[in-house]
There are 2 protein chains.
Amino acid sequence: MTWGTPQPERADAARNRQLLLATARGLLAEVGPDCLTMDLLAERSGLGKGTVFRRFGSRAGIFQALLDDSERALQQEVLAGRPPLGPGAPPVDRLVAYGRARIRFLAENQDVARATLDGRKTAGRRRPLSEIHIRVLLRELDLPGADADVLAGQLAHALDGPLLFQLFAGPELAGPTPTARFEAGWRDLVERVCGQAGTPAD
Amino acid sequence: MTWGTPQPERADAARNRQLLLATARGLLAEVGPDCLTMDLLAERSGLGKGTVFRRFGSRAGIFQALLDDSERALQQEVLAGRPPLGPGAPPVDRLVAYGRARIRFLAENQDVARATLDGRKTAGRRRPLSEIHIRVLLRELDLPGADADVLAGQLAHALDGPLLFQLFAGPELAGPTPTARFEAGWRDLVERVCGQAGTPAD
DNA sequence: TGCGTAAACGGGGTAAAGTCCGGTTAGGTC
DNA sequence: GACCTAACCGGACTTTACCCCGTTTACGCA
């Protein structure tokens, strides 16, 4: 179920997953996330409703899959990209850069991110990549007296929470102005938590 | 609509709101939050379904109202309680105390808190009291170079997020053990953000 | 105390999420 | 290449949140 394990998935199943994802993206652009119903998605993709639910579990699951798919690019940059975001820079700088990237990512995919949350059936609710990445960086920093696991969760939520909240409030979020404030706030928070940044003694 | 304004509400409407809240609490204990349907609530309270929706807007709205109601006690302690939590103590100590209280509150009302989130219709989504209270305390601290509004949002989400996430994951959360870890984590986070606590120079 | 109005009430109706199970097909094995 | 099994597919069915609008009721005012 996780990405590391090469679990077998039948060829037609994989094909249909891709078809559904593509169709969902099309419908998303065409009718918007609120009008994207499971029936419509099934009909447009030429599949049965049961198939849609088998693949994604719930309505929220589709949006989650869509978001994961978009997130893959960011994930690549983090794992093997250029230094401020990718490996090679001091952990604090990487934390700041990651927050910046994450905020922009969420702002760009705001409607999908929003749709991820609704629905009674909890869509997996895996621990997000943000938290894992933050935890790794915190471990590298080895902050004295800190519980890296808990702190990672706190920071991950501090990063996503306020932005998502704002996305819920206003129907739209326009230019880069509001995200800039969150980006500055994130830098400030990271520097406070990690004790004065800028001078990575190494 | 806010609590400060004494907006007029017809007597029968207020009476029914109380009746619905009480009935909902009863049903919550009897059948659990998942089986608490709007039809059932309407029937048990002897009212029409339309009335239920008029009062609370959505299913999530009921749980939100329930949670608000429970939160009132905590709110009182914050506004006029004894020092560590209430006014009189240094802001950092109050922040730590508030987090402790909030975590316990959420842990106690975990099922209601969880039910608050689901449903497609966003239930109001007001800025929670946590954030407001934290913002006030941060303003008192007057941290140099910090954006108190943004920071308050970050801390509020850092406080609630990890715990709510955990509540979603496991169906139940037993003793005080897991919350203790969050409480310690919160104290640590606050002290880091506010720059070494314990010694409020004043 | 009788009247007008604006709000609250009721409960049947709708749409959409999620379930079920009989039929079909992919892919490994001999 | 025939066969077997497990996984997949389809679409009708059920449940439930939410809407609508005709009817009733509380409350201010003359």
Side-chain angles (χ1 to χ4, degrees), chain A residues 1 5-21 23-24 27-28 31-66 114-125, chain B residues 1 5-21 23-24 27-28 31-66 114-125:
Chain A
M1 181 159 289
T5 65
Q7 97 289 13
E9 183 181 48
R10 245 169 66 169
D12 53 347
R15 188 160 15 94
N16 283 340
R17 146 172 285 124
Q18 289 311 121
L19 172 61
L20 284 168
L21 245 35
T23 309
L27 286 175
L28 206 54
V31 302
D34 291 343
C35 295
L36 175 41
T37 80
M38 302 303 259
D39 285 313
L40 180 59
L41 176 57
E43 188 192 10
R44 279 298 187 91
S45 56
L47 298 172
K49 198 155 53 145
T51 306
V52 180
F53 276 94
R54 179 184 325 283
R55 284 281 87 76
F56 299 105
S58 72
R59 180 187 142 90
I62 288 180
F63 292 99
Q64 184 70 57
L66 244 30
R114 180 188 312 182
T116 293
L117 299 179
D118 63 32
R120 191 111 80 106
K121 279 281 170 305
T122 70
R125 282 292 176 220
Chain B
M1 182 157 288
T5 64
Q7 96 290 12
E9 183 181 48
R10 244 168 66 168
D12 54 346
R15 189 160 13 96
N16 282 341
R17 149 172 281 127
Q18 289 311 121
L19 173 61
L20 284 168
L21 245 34
T23 308
L27 285 175
L28 206 54
V31 302
D34 291 342
C35 295
L36 175 40
T37 79
M38 301 304 259
D39 285 315
L40 179 59
L41 177 56
E43 186 192 11
R44 279 298 187 91
S45 56
L47 297 172
K49 215 178 350 175
T51 306
V52 179
F53 276 94
R54 179 185 326 280
R55 281 284 85 78
F56 299 106
S58 72
R59 181 187 141 89
I62 288 180
F63 292 99
Q64 184 69 58
L66 244 31
R114 179 187 315 181
T116 292
L117 299 180
D118 63 31
R120 189 111 81 105
K121 281 280 169 306
T122 71
R125 281 292 175 222

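Here is how names work: the chains are called A, B, and so on, in the same order as the sequence lines, proteins then strands, and each is numbered from 1.
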Charged N-O contact under 4.0 Å between B:Glu9 and B:Arg17:
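Salt bridge: yes.
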
In whole angstroms, how far is the [atom2] atom of [N] from the [atom1] atom of [X]?
X       : N      : atom1 : atom2 : value
B:Arg55 : D:dC18 : CZ    : C1'   : 16 Å
A:Asp34 : C:dA15 : CG    : P     : 17 Å
A:Glu43 : D:dA12 : CD    : C1'   : 15 Å
A:Leu40 : D:dG11 : CG    : C1'   : 16 Å

Do B:Ile62 and B:Val52 touch side chain to side chain, with heavy atoms closer than 4.5 Å?
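Side-chain contact under 4.5 Å: yes.
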
So do the side chains of A:Asp118 and B:Asp118 get within less than 4.5 Å of each other, counting heavy atoms only?
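A:Asp118 does not reach B:Asp118 side chain to side chain.
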
Measure across B:Ala65 and B:Phe56 and return the closest heavy-atom pair with its distance rounded to 0.1 Å.
CB-CE2, 3.6 Å

Given A:Leu40, A:Asp34, A:Leu41, the one that forms side-chain contact (heavy atoms from CB on, under 4.5 Å) with A:Thr37:
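So the option named by the test is A:Leu40.
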
Look at A:Thr51 and D:dG10 and indicate whether a side-chain polar atom (N or O) is within less than 4.0 Å of OP1 or OP2.
yes

May I ask you to evaluate whether A:Asn16 reaches the phosphate of D:dC9, defined as a side-chain N or O under 4.0 Å from OP1 or OP2?
yes

Go along nucleotides 17-27 of chain C 5' to 3' and tag each nucleotide: B for a protein heavy atom under 4.0 Å from its base, S when only backbone or sugar atoms are that close, - otherwise.
BBB-----BSS

Any side-chain to backbone donor/acceptor pair from B:Arg59 onto B:Leu36? Under 3.5 Å, distance only.
yes

